[in-house]
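These notes concern the structure reproduced below.
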Amino acid sequence: EAQVTQNPRYLITVTGKKLTVTCSQNMNHEYMSWYRQDPGLGLRQIYYSMNVEVTDKGDVPEGYKVSRKEKRNFPLILESPSPNQTSLYFCASNPNRPGTGWASGANVLTFGAGSRLTVL
Amino acid sequence: GIQVEQSPPDLILQEGANSTLRCNFSDSVNNLQWFHQNPWGQLINLFYIPSGTKQNGRLSATTVATERYSLLYISSSQTTDSGVYFCAVEPGYSTLTFGKGTMLLVSP
């Protein structure tokens, strides 16, 4: 089954304790991204990756790191979590980079199930 | 960056009613998608619709790219339609930007 898998689904941690949220897709998609969702703010992009070893900041990158060593994996790293990073996080993947493939209708974003993170 | 505004922010319907959700955007776009987030938080793509009209069962969507808006129609609403509806747009070679969503509650 084609899917985006992220783990953990739920996590409660304490300020300053490094954590990693994993994301993996099995669709050979080029493009992957991380979003956070907060009440009243919709989804805001944290980081995205156009392909292996190519990553870039989204709208709210502060306090986060990412890596893309393999096409299928795109982990989100919180080096020193703070309470303002308490949020619902989504990983997503897209067949093509933005701006390409739109004519074929191929650029449909597929989301993981979400990871609810609480930082105390 | 591009601005995406969705209206209304909240909507309460009786089961069986019809509704129209609107998405306005401030610049030309190559990509526009509608998503539904169910009460369990799952985000599902409904439509990829940078222009024109598409229908899928009781749902349909229309994007008028020249006037920079898109509409999502829900007919004969059901309780399972409840959740948040997001519009997301991709301007040029930038990445998808989401609106803040319309929260829909369909009561039996």
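Residue numbers start from 1 in every chain, and the chains themselves are labelled A, B, ... in the order their sequence lines are given, proteins ahead of strands. Side-chain atoms are counted along with the backbone in the values below, which use heavy atoms only and exclude waters and symmetry mates.
Taking a 6.0 Å sphere around CG of A:Leu41, one finds it holds more than 12 heavy atoms contributed by other residues, nucleotides or ligands. Under a cut-off of 6.0 angstrom, the local environment of CD1 in A:Ile12 is sparse, with at most 12 non-hydrogen atoms contributed by other residues, nucleotides or ligands.
Looking at A:Leu43 and B:Leu43, their side chains come closer than 4.5 Å, going by heavy atoms from C-beta outward. Inter-residue side-chain proximity for A:Tyr35 and B:Leu96 is flagged as met; some heavy-atom pair is nearer than 4.5 Å. In this structure, the side chains of A:Phe90 and B:Gln42 stay at 4.5 Å or more apart for every pair of heavy atoms. In this structure the side chain of B:Gln37 reaches within 4.5 angstrom of the side chain of A:Leu88, judged on heavy atoms.
Taking NZ of B:Lys100 as the reference point, atom CZ of A:Arg44 lies at 9.0 Å (rounded to 0.5 Å). Taken to the nearest 0.5 Å, the CG atom of A:Asp59 stands 11.0 Å off from the CZ atom of B:Phe98. Separation of atoms CG (A:Asn94) and CG (B:Asn31) is listed at 7.0 Å; rounding is to 0.5 Å.
In this structure, A:Leu11 is a member of the same hydrophobic cluster as A:Phe74, with clusters built from ILVMFWY side-chain heavy atoms closer than 4.5 Å. Residues B:Tyr69 and B:Ile49 fall into different hydrophobic clusters, defined by Ile, Leu, Val, Met, Phe, Trp and Tyr side chains chained together at heavy-atom separations under 4.5 Å. A:Val66 and A:Val4 are not part of a single hydrophobic cluster, where members link through side-chain heavy atoms under 4.5 Å apart. In the hydrophobic clustering of this structure, A:Ile46 does not group with A:Tyr31; members are Ile, Leu, Val, Met, Phe, Trp, Tyr whose side-chain heavy atoms approach within less than 4.5 Å, directly or through other members. In terms of hydrophobic clustering, with Ile, Leu, Val, Met, Phe, Trp and Tyr side chains grouped at heavy-atom distances under 4.5 Å, B:Tyr73 and B:Phe47 are assigned to different clusters.
Per-residue heavy-atom pair counts under 4.5 Å with chain B were compared for A:Ala92, A:Gly114, A:Gly40, and the maximum is reached by A:Gly40.
Looking at B:Phe35, the atoms closer than 4.5 Å to chain A (heavy atoms on both sides) all sit in the side chain, from C-beta outward.
For A:Gln45 (side chain) and B:Thr97 (main-chain N/O), no donor-acceptor pair under 3.5 Å exists by modelled atom type.
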